[in-house]
Amino acid sequence: MTLGELERRAGVGPTIEDRAAFWRPFHDLPATEVIDAGTTALRQAARLAELPHAGTLTASQRIALARFAVLRGPGWKDALRADWTEARAEPALHRLRNTHGPAWLAELTMPEGAA
């Protein structure tokens, strides 16, 4: 699967601006880790779409959630709760707090594996 196909499957928009917006948060990683981290987030976003609650998440929320989890590592849920408490989460993630809440986050398991 090409990177472009993986981006489409995850829900990243087709424009260069959409694609740049997805990849921008990874720019602080070492160059050797950018592609691996980004593709992991794309795979997770695509897999999130396959879960039972998929209809309750927009593509931008799935992408933001997967990207956040990859960039924050194993403690991503605690980091997201802290961001929600301090009102510093990006808009797509902040909307998740308002629509789904902390109990939903506690139950969520980020999917692993290939898309």
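Bear in mind that the values here come from a model prediction, so they are computed numbers and not experimental data.
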message: Looking at Trp84 and Leu93, would you say the former's side chain and the latter's main chain have a donor-acceptor pair under 3.5 Å?
response: yes

message: Determine whether a donor-acceptor pair (N or O, by modelled atom type, separation under 3.5 Å) exists between the side chain of Arg81 and the backbone of Pro102.
response: no

- request: Measure from the side-chain N and O atoms of Gln61 to the backbone N and O of Thr58, and report whether any donor-acceptor pair falls under 3.5 Å.
  value: yes

query: What's the shortest heavy-atom distance between Trp76 and Leu108, and which atoms?
result: CH2-CD2, 3.8 Å

field: Contacts of Arg19 that satisfy salt bridge (charged side-chain N to carboxylate O under 4.0 Å, His left out) - sequence neighbours left out
entry: Glu7

- prompt: How long is the span from the CG atom in Asp83 to the CG atom in Asp78, to the nearest 0.5 Å?
  reply: 11.0 Å

task: Take His100 and Leu105, measure what side-chain contact (heavy atoms from CB on, under 4.5 Å) needs, and give me the verdict at the end.
output: CA-CA 8 Å; His100 291 68; Leu105 180 63; over 6 Å; no

message: Please enumerate all residues that pass side chain to side chain donor-acceptor pair (under 3.5 Å) together with Asp18, with sequence neighbours excluded.
response: Thr15

Side chain proximity check, Leu6 to Arg43, heavy atoms < 4.5 angstrom: yes

query: Of all heavy-atom pairs between Ala69 and Gln44, which one has the smallest distance, and what is that distance?
result: CB-OE1, 4.4 Å

- line: Tightest non-hydrogen contact, residues Phe26 and Leu71, listed as CD2-CD2, 3.5 Å

- prompt: Taking all atoms of both residues into account, what is the closest heavy-atom pair of Ala82 and Arg88, and its distance?
  reply: CB-NH2, 3.7 Å

message: Could you go through Thr99 and Trp104, starting from their C-alpha distance and side-chain angles, then the distance that decides it, and tell me whether this counts as side-chain contact (heavy atoms from CB on, under 4.5 Å)?
response: CA-CA 10 Å; Thr99 59; Trp104 171 85; over 6 Å; no

message: I need the minimum non-hydrogen distance between Trp23 and Leu3, along with the two atoms involved.
response: CZ2-CD1, 3.8 Å

task: Look only at the side chain of Arg67 and the backbone of Phe22, and say whether a donor-acceptor pair between them is shorter than 3.5 Å.
output: yes

field: Distance, nearest 0.5 Å, that separates CZ of Arg95 from CG of Leu57
entry: 12.0 Å

task: Report yes or no: does Arg8 contribute a side-chain atom to a donor-acceptor pair with the main-chain N or O of Gly4 at less than 3.5 Å?
output: yes

query: How far apart are the closest heavy atoms of Ala45 and Ala66, and which atoms are they?
result: N-CB, 3.6 Å

